[in-house]
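Below you'll find the structure, written out as structure tokens, and then a few comments.
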Amino acid sequence: MDNVPEDRREWRRAANDVQVALREVNGHLTVLNHQVGGRVALRDVDLGCLDLIARFGPIGPSALAKRAGMHPATMTGVLDRLERSGWVVRERDQADRRAVVVRVLPDRGSEIFRLYGGMRGELNDICADYDVAQLALIAGFLERVAAAGERSAARLAQESP
């Protein structure tokens, strides 16, 4: 690697720093999510699925399983737990009465919203240090990172274990 130009080395080092920082973010958000889940008696996977239902619902169980990268049978167990705990409800799909969709019960959302309040406040403080153009650049970068993660997970799901 001695033949790599100096600016290329700097770029590689900076790109590595970004990847390390993203791993740190992932680790700390995993801990935060675990803490939140513990406060509301939800497993990490249940909390993640609840978030997906809140963002993309009402949603069918199969579509939810696909978004979560889970087997449909596993999703049934997750939805059973969420429904028993009063977080979601299954109801007939208005577009196709033979199908079922899952939606979040709105009265429970404030519990989780409150638990993430500290993080939302911290993020607002961080964002206050950037102008609109910089925030748009950061948001675009994070959207691309999320899409790369989605593509990578899809590729792994298609490979034989």
Side-chain angles (χ1 to χ4, degrees), residues 18-128 130 132 135-161:
V18 168
Q19 291 178 22
V20 168
L22 285 171
R23 288 179 70 190
E24 284 290 314
V25 167
N26 182 58
H28 291 296
L29 290 180
T30 297
V31 172
L32 174 62
N33 291 336
H34 184 72
Q35 290 295 322
V36 169
R39 295 285 180 96
V40 293
L42 289 175
R43 297 177 186 182
D44 294 353
V45 68
D46 298 349
L47 185 62
C49 288
L50 183 62
D51 179 58
L52 289 171
I53 298 165
R55 289 190 294 138
F56 301 106
I59 186 170
S62 295
L64 178 59
K66 185 174 182 175
R67 279 198 178 274
M70 298 171 68
H71 190 277
T74 305
M75 183 55 66
T76 299
V78 169
L79 292 176
D80 287 348
R81 287 191 300 273
L82 288 172
E83 192 170 38
R84 258 194 321 271
S85 300
W87 290 99
V88 302
V89 64
R90 293 175 179 135
E91 53 194 18
R92 292 278 168 223
D93 186 343
Q94 297 301 318
D96 178 358
R97 300 292 296 159
R98 297 167 297 170
V100 172
V101 293
V102 183
R103 70 174 174 81
V104 173
L105 292 171
D107 55 327
R108 296 291 307 269
S110 62
E111 290 177 66
I112 291 179
F113 191 77
R114 181 184 58 77
L115 292 169
Y116 282 110
M119 184 62 178
R120 277 193 326 280
E122 296 267 355
L123 284 173
N124 285 336
D125 291 346
I126 292 166
C127 288
Y130 298 91
V132 173
L135 290 172
L137 179 69
I138 294 166
F141 172 79
L142 292 173
E143 288 166 4
R144 291 178 66 193
V145 169
E150 183 178 22
R151 288 190 304 274
S152 296
R155 279 193 299 273
L156 281 175
Q158 290 177 348
E159 291 178 7
S160 318

Check your understanding: Would the number of heavy atoms belonging to other residues, nucleotides or ligands and lying under 6.0 Å from CZ of R23 be above 12?
Key -> no

Check your understanding: Hey, mind stepping through V104 and L82 against side chain to side chain contact (heavy atoms under 4.5 Å, CB included) and telling me if it holds?
Key -> CA-CA 9 Å; V104 173; L82 288 172; over 6 Å; no

Exercise for review: Give the minimum heavy-atom separation between G86 and L105, together with the two atoms involved.
Suggested key: O-CD1, 3.4 Å

Point to revise | All pairs passing salt bridge (charged side-chain N to carboxylate O under 4.0 Å, His left out) where residues 68-84 contributes a residue, at least two apart | key: D46-R81, D80-R90, E83-R90

N/O donor to acceptor pairs below 3.5 angstrom from side-chain atoms of residues 52-70, sequence neighbours left out:
residue: R55; atom: NE; partner: D51; partner atom: OD2; Å: 3.0
residue: R55; atom: NH2; partner: D51; partner atom: OD2; Å: 3.4

Revision key, fill the gap. For R98, the side chain to side chain contact (heavy atoms under 4.5 Å, CB included) test, sequence neighbours excluded, returns D96

Check your understanding: Passes side chain to side chain contact (heavy atoms under 4.5 Å, CB included), L50 versus I112? Steps please.
Key -> CA-CA 10 Å; L50 183 62; I112 291 179; 3.5 Å; yes

Practice item. Check L47 against N33 and note the closest heavy-atom contact, atom names and distance. Key: CD2-O, 3.2 Å

Check your understanding: With sequence neighbours left out, which residue pairs that include part of residues 35-44 fulfil the side chain to side chain donor-acceptor pair (under 3.5 Å) condition?
Key -> H34-D44

Revision key, fill the gap. Interatomic distance, CZ@R151 vs CG@L156, rounded to 0.5 Å, equals 13.0 Å

Review point. Pairs in or reaching into residues 107-117: which pass salt bridge (charged side-chain N to carboxylate O under 4.0 Å, His left out), with residues at least two apart or in two chains?
Key: R108-E111

Practice item. Hey, could you give me the CG/CE distance between L123 and M119, rounded to the nearest 0.5 Å? Key: 4.0 Å

Exercise for review: Kindly write out the residues that satisfy side chain to side chain donor-acceptor pair (under 3.5 Å) with S110, not counting sequence neighbours, or none if the list is empty.
Suggested key: none

